[in-house]
**Q** 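Attaching a single structure in structure tokens format; questions to follow.
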Amino acid sequence: MQVAVVTFDGFNELDSFIASALINRCRKDGLEAFITTPTPVVTSMNGVEVSGQRSLDFVADADVVLIGSGVKAREVAADDRLLSMLPLDPSRQLVGSQCSGALVLAQLGLLGGMPVCTDMKTRPFAEAMGVTVLDVPFHAEGKIATAGGCLASQYLATWVIGRALGESAVRDIIGYVAPVGESEETVERALRTVRAGEAALR
């Protein structure tokens with residue numbers, strides 16, 4: 001399975017890199033993430049220049065698409081040209097958003113009545129679009145998931161890894177990257193958070 005981590009100019013490094021780095025620890029099992037950008041080079045909110053690994057054309061073929069966040073997310077959500085380059089299809093793809101990436105999912109009309117998770121700064125803009133924002137870090141319905149808060153990107157990665165490879169893979173990957181002495185605690189929190197986010201409206 002191939003994962004497009006969609007990363008726009010002004011992106012938040014934590015959001016794009018944590019998710020992609022965790023997922024890429026599963027390469028040997030056939031799950032691989034690529035930083036996917038609208039231009040050959042994008043610049044983060046802190047001035048870090050990054051070369052994209054895939055262009056936005058890759059989005060149509062990816063098995064999983066994660067929409068990252070950043071300081072220009074509202075501009076992205078208002079850019080019809082960029083939105084037209086995101087042919088997301090939850091009937092065949094897992095689709096996720098991180099923080100302000102939820103604005104893009106909303107603008108694409110993918111949410112229906114689904115509530116989202118996002119960051120505090122983005123919340124009023126999501127609510128102005130008629131989207132309900134939850135006070136939790138992760139929420140998923142079917143093949144669509146949203147995460148709120150930079151470090152919640154670990155939960156988005158947990159969701160992808162779990163859906164693709166199962167709980168055992170999650171335990172291996174999250175357990176390995178967890179702070180020393182906190183492996184079991186970190187793994188259980190990640191699994192618990194994702195399970196709660198998937199079960200919230202059952």
Side-chain angles (χ1 to χ4, degrees), residues 1-7 11-37 52-54 56-69 86-99 101-102 104-105 110 114 116-117 136-202:
M1 293 182 69
Q2 295 190 318
V3 182
V5 180
V6 179
T7 303
F11 72 95
N12 183 317
E13 301 95 331
L14 293 173
D15 293 349
S16 289
F17 294 156
I18 290 176
S20 61
L22 291 175
I23 291 167
N24 276 330
R25 289 181 177 271
C26 300
R27 280 197 190 103
K28 62 180 176 58
D29 296 313
L31 180 64
E32 188 169 13
F34 300 89
I35 299 296
T36 302
T37 58
Q53 296 172 293
R54 295 288 187 275
L56 283 189
D57 292 343
F58 175 59
V59 166
D61 298 321
D63 303 291
V64 182
V65 181
L66 303 180
I67 306 295
S69 73
L86 298 171
L88 306 186
D89 184 359
S91 71
R92 64 177 183 81
Q93 296 171 311
L94 293 179
V95 175
S97 70
Q98 177 65 43
C99 291
V104 175
L105 297 190
L110 297 179
M114 175 181 167
V116 303
C117 302
V136 294
F138 177 85
H139 179 73
E141 293 185 22
K143 292 187 174 182
I144 299 178
T146 61
C150 300
L151 295 183
S153 51
Q154 65 180 301
Y155 302 137
L156 206 53
T158 293
W159 178 69
V160 172
I161 295 168
R163 290 289 295 260
L165 301 173
E167 184 177 307
S168 177
V170 170
R171 291 185 177 277
D172 287 345
I173 299 306
I174 302 300
Y176 183 83
V177 302
V180 172
E182 297 180 3
S183 180
E184 183 175 352
E185 172 188 347
T186 303
V187 168
E188 294 304 325
R189 181 176 62 249
L191 288 170
R192 182 172 62 249
T193 299
V194 170
R195 287 175 188 142
E198 290 181 314
L201 296 182
R202 288 177 188 169

**Q** Working to the nearest 0.5 angstrom, can you tell me the gap between N12 CG and C99 SG?
**A**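 Result: 7.0 Å between the selected atoms.
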**Q** Kindly compute the distance separating CD1 (I174) from CD (E188), expressed to the nearest 0.5 Å.
**A**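 I174 CD1 to E188 CD: 12.0 Å, rounded to 0.5 Å.
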**Q** S97 vs V116, test: side-chain contact (heavy atoms from CB on, under 4.5 Å). Steps then yes/no.
**A** CA-CA 9 Å; S97 70; V116 303; 5.9 Å; no
**Q** Examine distances only and state if a side-chain atom of E13 and a backbone atom of I18 form a donor-acceptor pair shorter than 3.5 Å.
**A**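 No; judged by distance alone, with no hydrogens or angles, the pair does not exist.
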**Q** Quick one: does I23's side chain get under 4.5 Å of L66's, heavy atoms only?
**A**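 Yes - at least one pair of side-chain heavy atoms lies under 4.5 Å apart.
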**Q** What pair of heavy atoms forms the shortest contact from S16 to V5, and how long is it?
**A**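 Looking at all heavy atoms of both residues, the shortest contact is O-CG1, 3.8 Å.
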**Q** Which distance, rounded to the nearest 0.5 Å, do you find between the CZ of R171 and the CG of L191?
**A**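 Atom-to-atom, R171:CZ and L191:CG are 5.0 Å apart.
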**Q** Do the side chains of V3 and V160 get nearer than 4.5 Å, heavy atoms only?
**A**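 Side chain of V160 against side chain of V3, heavy atoms only: contact under 4.5 Å found.
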**Q** Calculate, to the nearest 0.5 Å, the distance between atoms CG and SG belonging to L14 and C150 respectively.
**A**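 Reported to 0.5 Å precision, the distance equals 5.0 Å.
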**Q** Show which side-chain atoms of residues 28-36 pair as donor or acceptor with protein atoms under 3.5 Å away, not counting sequence neighbours.
**A**
residue, atom, partner, partner atom, Å
E32, OE2, R27, NE, 3.1
T36, OG1, F34, O, 3.0

**Q** Between CG of L88 and NZ of K143, what distance do you get to the nearest 0.5 Å?
**A**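 So the CG of L88 and the NZ of K143 are separated by 13.0 Å.
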**Q** Relative to the ring of F11, is the ring of F17 parallel (under 30°), tilted (30 to 60°) or perpendicular (over 60°)?
**A**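 Geometry flag for F11 against F17: perpendicular rings.
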**Q** Rounded to the nearest 0.5 Å, how far apart are OG1 of T193 and CD of Q154?
**A**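 Spacing of OG1 (T193) from CD (Q154) equals 7.5 Å.
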**Q** Got L94 and W159 here, is their nearest side-chain heavy-atom distance under 4.5 Å?
**A**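 Side-chain contact under 4.5 Å: yes.
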**Q** Going by atom type alone, with no hydrogens or angles, which donor-acceptor pairs under 3.5 Å involve a side-chain atom of residues 177-187 and a protein atom two or more places apart or on another chain?
**A**
residue, atom, partner, partner atom, Å
S183, OG, G175, O, 3.1
T186, OG1, E182, O, 2.7

**Q** Any idea which heavy atoms bring A62 and V65 closest together, and the distance?
**A**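 Answer, listing the atom of A62 first, then V65: CB-CG2, 4.2 Å.
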